Amino acid sequence: MDSPMCLVKNADGELCVEPEAIDYLMGLKQKVVVVSVVGLYRTGKSYLMNKLAQKRSGFALGATIQSKTKGIWMWCVPHPEKTDHTLVLLDTEGLGDVEKGDSKNDAWIFSLAILLSSTLVYNSRGTIDNDAVEKLQYVNELTEMIKVKSSTDDEEEGEGTQFMQFFPNFVWTVRDFTLQLKIDGRVITPDQYLENSLQLKKECIRNFFPSRKCFVFPSPTTPDNMHRLDSMDEAELSERFREVADTFCLFIFQESRMKTVIGGHTLTGEMLGHLLTTYVETIAKGNVPCLENAVMAIAKIENQAAVDEGLAVYQKGMKDVKALFPVNINQLSENQLRSETQATKAFMKRSFKDENGEFLKALAEAISNHTADLFKQNKDASEKKCKALLEKLSAQMDQGIKEGTYATPGGYDHLVTAEEVLEQFLKDKSAESNSILQADKQLTKKDKQIQAEKKKTAELEQEKAAFREQQAEMKRRIENNRISQEKYLKEMKEKMEEERNQQQQEFNRTLERRMQEQKDLLENGHKEKAELMRQEIEEIKKKNQLERDANTRNQEALLDELKCSKAKPDYSCTLL
């Protein structure tokens with residue numbers, strides 16, 4: 001993307017997605033790292049985003065007291081550190097713009113930035129004092145603006161326990177910082193400055209965000225030059241400002257993780273587009289965005305796409321053998337098994353949260369239907385080939401009739417000893433057969449009995465051979481079905497294990513942050529607070545284990561159901 005484009009339009013207090021930007025996102029198949037910047041208007045947010053894009057210009061900076069950015073603007077660039085990943089930069093409309101006069105609108109912009117981001121950058125000026133924390137009022141409104149689950153009895157959701165597990169990392173950038181980083185004469189880091197400042201308010205970002213980081217920027221240049229900041233050479237900016245800006249960018253590039261949703265599933269640009277559309281449509285209807293509902297909505301879309309992709313892989317795998325029809329049953333069965341395995345892998349790679357196996361079953365059914373059609377096509381091709389061969393032979397037969405070749409003892413029986421699949425063709429030749437039959441009646445009774453016995457013996461041998469072939473075919477189909485089912489269930493089990501591990505990793509990140517906070521409280525002498533947090537951590541652990549056990553039981557039950565309901569092969573198709 002050469003330049004930013006508007007992603008979410010804010011017109012007259014109403015939010016709506018921009019189709020062109022959504023279409024661009026839908027075309028992104030790479031994994032995405034999403035970084036949003038929020039903060040009061042006219043605080044230099046756009047400069048930071050241009051810096052992350054490694055461009056001197058792009059997002060509008062503005063040099064007046066009016067806010068330039070309206071709604072949410074997006075800039076997609078190749079990720080500088082992660083190969084085959086896209087860095088999605090979101091520059092949001094400035095909060096607290098007096099020209100808008102609608103704080104509710106600000107709250108929705110802030111909420112969307114959180115819901116879409118891997119890392120949320122909050123930009124402010126001056127210092128992190130009580131006034132600055134108070135201005136971050138939107139954090140305290142999050143429990144009213146966002147729901148984690150569609151229904152919950154957990155009263156602690158409002159305290160941020162669940163939010164912390166699914167929210168982005170939080171980075172506070174303080175612009176035009178002029179103070180010394182000291183507390184009681186002791187030099188502190190920007191991170192310690194942030195954590196100390198957050199103690200001013202009990203309910204704040206520490207209850208919602210799993211990771212917090214702080215950068216303090218000195219003024220980039222003199223006040224007289226601020227209006228031309230976007231056109232100034234880097235060398236003209238203060239050295240200290242450039243150092244902090246470079247450190248900030250490096251941190252974002254290296255520490256911002258891929259965008260994930262509940263369950264730890266990573267998103268592509270296409271899935272991010274679906275997620276955003278779901279959230280904005282929910283807000284437009286006057287409802288509260290719900291993480292769980294949004295994830296289920298995009299899971300349904302993505303899983304259907306996984307079914308389509310899996311079927312396409314199967315059809316492609318069978319294309320070459322189809323071109324050779326008719327083929328031996330072994331060759332067709334081997335290709336069918338290999339293609340089904342490839343199709344299932346393709347489905348597993350893309351699908352997620354197919355909790356009741358609905359979409360995997362849909363893929364199995366689609367493959368089964370396509371397989372039955374292929375077997376029928378192969379059978380029809382076999383019959384067509386046999387008829388074509390007999391058409392060629394019939395030319396000789398017609399000549400033989402004219403020359404009286406069949407007017408000998410057993411001539412009629414010799415004519416009609418073709419295999420069962422040619423029966424229809426012989427019916428077409430019934431007129432010629434009847435004339436030969438009339439001539440054959442004049443042959444001796446003894447010769448006729450001898451020929452009848454030979455015919456009966458030949459028919460019995462043919463029936464035995466056909467039965468043996470059917471038995472062999474059935475055994476092959478049963479064995480292929482068994483192999484297919486084993487691979488099918490193995491893939492499903494591995495997928496479930498992968499999703500459980502993703503969920504646990506997601507939980508572990510949150511738990512580590514909580515344990516670090518408890519440790520910090522103990523080191524700072526806050527024993528009572530540390531004990532309360534220890535108890536909270538134990539409750540979180542117990543709840544996570546209960547949910548994990550329940551999830552495991554549900555998945556095991558699903559696997560048992562799939563074992564019983566796996567479609568059996570259709571043995572009605574027999575091939576020559």
Side-chain angles (χ1 to χ4, degrees), residues 1-8 17-38 48-55 58-59 71-92 109 111-121 166-171 209-211 249-280 289 291 294-299 301-303 305-306 309 349-353 498-499 502 505-506 509:
M1 184 183 288
D2 296 330
S3 60
M5 61 173 58
C6 184
L7 179 63
V8 178
V17 296
E18 285 284 7
E20 183 181 357
I22 287 294
D23 288 344
Y24 186 91
L25 268 183
M26 293 297 188
L28 277 179
K29 307 303 180 183
Q30 293 183 333
K31 303 291 186 181
V32 292
V33 176
V34 187
V35 180
S36 297
V37 61
V38 297
L48 288 180
M49 302 309 274
N50 289 340
K51 188 73 176 173
L52 288 174
Q54 300 180 316
K55 302 290 185 180
F59 289 110
I72 299 178
W73 284 68
M74 173 183 73
W75 200 354
C76 300
V77 297
H79 197 287
E81 300 278 339
K82 295 181 173 68
T83 305
D84 297 328
H85 287 67
T86 297
L87 178 62
V88 180
L89 302 172
L90 301 180
D91 189 14
T92 66
I109 293 286
S111 298
L112 277 176
I114 289 174
L115 291 168
L116 299 174
S117 302
S118 312
T119 295
L120 181 76
V121 179
F166 309 116
F167 273 25
N169 293 333
F170 184 91
V171 177
F209 298 95
S211 172
C249 289
L250 187 62
F251 175 83
I252 295 296
F253 295 152
Q254 294 182 347
E255 299 300 327
S256 292
R257 60 181 186 269
M258 290 178 287
K259 174 61 182 173
T260 61
V261 291
I262 292 178
H265 192 82
T266 54
L267 299 190
T268 61
E270 180 181 13
M271 295 168 70
L272 182 67
H274 288 306
L275 190 67
L276 170 63
T277 302
T278 299
Y279 285 141
V280 173
L291 275 70
V295 170
M296 294 310 297
I298 63 172
I301 294 171
E302 195 66 9
N303 287 336
E309 184 174 322
K349 184 177 180 180
R350 183 165 186 174
S351 68
F352 76 105
K353 292 190 79 67
E498 178 188 348
E499 291 192 348
Q502 287 175 337
Q505 290 171 9
E506 192 175 67
R509 284 196 297 268

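Owing to the predicted nature of the structure, the values given are computational and were not obtained by experimental measurement.
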Please list, chain by chain and in numerical order, all residues satisfying side-chain contact (heavy atoms from CB on, under 4.5 Å) with [X], sequence neighbours excluded.
X: K55; result: A53, W75
X: E498; result: K495, Q502
X: S111; result: W108, L142, M145, I146
X: P78; result: none

Under a 4.5 Å cut-off applied to non-hydrogen side-chain atoms, are [X] and [Y] in contact?
X: D91; Y: P4; result: no
X: L116; Y: K259; result: no
X: L28; Y: L272; result: no
X: C76; Y: V88; result: yes
X: L52; Y: F253; result: yes
X: S118; Y: N169; result: no
X: M74; Y: L25; result: yes
X: V261; Y: L291; result: no

Residue list, side chain to side chain donor-acceptor pair (under 3.5 Å) with [X], at least two apart or on another chain:
X: T260; answer: none
X: K29; answer: E270
X: K82; answer: none
X: S117; answer: S36

Subject >> Nearest-0.5 Å distance that lies between atom CD1 in I22 and atom OG1 in T277 >> reply: 4.0 Å

Subject >> Counterpart residues, ring-ring contact (aromatic ring centres under 6.0 Å, His included), relative to F170 (two or more places apart) >> reply: F209

Subject >> Partner residues of H85 under the ring-ring contact (aromatic ring centres under 6.0 Å, His included) criterion, sequence neighbours left out >> reply: none

Subject >> Option from V34, V33, V32 for which side chain to side chain contact (heavy atoms under 4.5 Å, CB included) with L87 holds >> reply: V33

Original post:
Restricting to pairs with a member in residues 256-280, which pass ring pair (Phe, Tyr, Trp, His ring centres under 6.0 Å), not counting sequence neighbours?
Top reply: H265-F352

Original post:
Which pairs with one or both residues in residues 18-28 pass salt bridge (Lys or Arg N to Asp or Glu O under 4.0 Å), sequence neighbours excluded?
Top reply: none

